[in-house]
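Nothing here was measured: the structure is a model prediction, and the numbers come from that model. For the single chain, residues carry numbers from 1 onward in sequence order.
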Amino acid sequence: MTRRTIWRYLGIGFGTVALASFVVLGIYVYSVSRDLPSVDTLKNYNPPVTTRVYAGNGTVIGEYARERRIFVPIQFVPKRVIDAFISAEDKNFYTHPGIDVGGIIRAGIKDVYNVMVHKRLQGASTITQQVAKNFLLNSQVKFSRKIREAILAIRIDATYPKDKILELYLNEIFLGQNSYGVAAAALNYFGKSLDQLTIGEAAFLASLPKAPSNYDPRYHLQAATYRRNWVIGQMHENGYITAAQAKDAIAKPLVAQSRPLGSQAEDADYFVEEVRRILYDKYGEHGLY
């Protein structure tokens, strides 16, 4: 058998294996994606928000919520907050089609090293993939779920404008302290509305999605500050803030404070509970919460 013949048979063998692998992969992808939920359900996003009780002078004296959330349309979310989350979670958000192929490759290369040194694997989920997981799937750590998530992310990106996807993400994401969405988190951590946040405060909120409990400044101030500073660095690297702004933001201490409900709140427990009962009787559980 000549060398040319050997190479010919090797080529045929490799081609056959590649074709078979492609067919098997195609069948697998079809099997895990044939019952995917429709992305059209995202059009009717109507999240539970916080119901508040106010005193006559406008002071908040009570709240009812299973998920503390203040829905904010994307046009009212300050650019500073958007820039912080884009930098922390998905710097190519505006250019990728729902999944970041380059990010997946980079994460895969790093994960080879992480496996060798027994470190935690690095994810490469985009903001769009997180929307797919949070709204349409679950958090099971399975390869099949990641495939379904990626397919849904591509469909979501093809169906909705980027601003709509961001609006869903920023209002749904859990950020610790029973805070769902960026507006509730700004109040619960800093007692501020979104437009009052500094660069450092916006960067801190953007540092929370991966593991809110690990970066709660009440218990892990050093880790929270380190993570916040990393986000500030990413904001500078991505061109959202200047070097001087980044340096100034990093130099400021991370000071978080629980939001007080007002001086009257401590004396209003009975009243607030009575209001809750009245609202529950009139509007039911769904309306109340």
Can you see which heavy atom on [X] is nearest to which on [Y], and at what distance?
{"X": "N214", "Y": "H220", "value": "O-CB, 3.4 Å"}
{"X": "A184", "Y": "Y180", "value": "CB-O, 3.8 Å"}
{"X": "P37", "Y": "L152", "value": "O-CD2, 3.5 Å"}
{"X": "T128", "Y": "G98", "value": "CB-O, 3.7 Å"}
{"X": "P217", "Y": "A256", "value": "CG-CB, 3.6 Å"}
{"X": "G200", "Y": "A249", "value": "N-CB, 4.2 Å"}

Check: [Y] and [X] side chains under 4.5 Å, non-hydrogen atoms:
{"X": "F174", "Y": "P209", "value": "no"}
{"X": "Y169", "Y": "E89", "value": "yes"}
{"X": "L136", "Y": "E149", "value": "no"}
{"X": "P78", "Y": "L194", "value": "yes"}
{"X": "D281", "Y": "I278", "value": "no"}
{"X": "I70", "Y": "V182", "value": "no"}
{"X": "Q130", "Y": "I173", "value": "yes"}
{"X": "N188", "Y": "N178", "value": "no"}

Just verifying a value: how many Å separate [X] [atom1] and [Y] [atom2], rounded to the nearest 0.5 Å?
{"X": "E274", "Y": "L279", "atom1": "CD", "atom2": "CG", "answer": "10.5 Å"}
{"X": "I86", "Y": "L166", "atom1": "CD1", "atom2": "CG", "answer": "5.0 Å"}
{"X": "L254", "Y": "T225", "atom1": "CG", "atom2": "OG1", "answer": "4.5 Å"}
{"X": "I156", "Y": "L168", "atom1": "CD1", "atom2": "CG", "answer": "8.0 Å"}
{"X": "E172", "Y": "L42", "atom1": "CD", "atom2": "CG", "answer": "10.0 Å"}
{"X": "D90", "Y": "I165", "atom1": "CG", "atom2": "CD1", "answer": "10.0 Å"}

S193 and Q196: side chain donor to acceptor below 3.5 Å: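 Yes, because at least one side-chain N or O of S193 sits under 3.5 Å from a partner of the opposite role on Q196.
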Would you check if there is a donor-acceptor pair between the side chains of K164 and T159 at a distance under 3.5 Å?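 There is no such pair between these side chains.
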So, [X] side chain and [Y] main chain: donor-acceptor pair closer than 3.5 Å or not?
{"X": "Q129", "Y": "T126", "value": "yes"}
{"X": "E167", "Y": "I74", "value": "yes"}
{"X": "S38", "Y": "T41", "value": "no"}

Got a sec, which residues hit side chain to side chain contact (heavy atoms under 4.5 Å, CB included) with [X], two or more places apart in sequence or on another chain?
{"X": "K43", "value": "D40, Y160"}
{"X": "A185", "value": "L175, S179, Y189, L205"}
{"X": "K162", "value": "F93, Y94, H96, D157"}

Can you list every side-chain hydrogen bond (donor to acceptor under 3.5 Å, both in side chains) pair that touches residues 226-241, not counting sequence neighbours?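 Pairs touching residues 226-241 that pass the test: S87-N238.
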Do F204 and V255 belong to the same hydrophobic cluster, where Ile, Leu, Val, Met, Phe, Trp and Tyr are linked whenever their side-chain heavy atoms lie under 4.5 Å apart, directly or via other members?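 F204 and V255: separate clusters.
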Looking at residues at least two apart in the chain, or sitting in another chain, which of them share a ring-ring contact (aromatic ring centres under 6.0 Å, His included) with F135?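 For F135 the ring-ring contact (aromatic ring centres under 6.0 Å, His included) partners, ignoring immediate neighbours, are Y45.
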Could you please spell out the steps behind the side chain to side chain contact (heavy atoms under 4.5 Å, CB included) verdict for R148 and L137? CA-CA 8 Å; R148 290 162 64 86; L137 298 172; 3.9 Å; yes
Not counting sequence neighbours, which residues clear salt bridge (charged side-chain N to carboxylate O under 4.0 Å, His left out) with D248? List them please.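 For D248, the residues satisfying salt bridge (charged side-chain N to carboxylate O under 4.0 Å, His left out) (neighbours in sequence not counted) are K252.
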Can T198 and K192 be said to form a side-chain hydrogen bond (donor to acceptor under 3.5 Å, both in side chains), step by step? CA-CA 10 Å; T198 65; K192 295 181 177 182; 5.3 Å; no
Can you tell me if Q222 has over 12 outside heavy atoms packed within less than 6.0 Å of its CD?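 It does not: Q222 CD has 12 such atoms or fewer within range.
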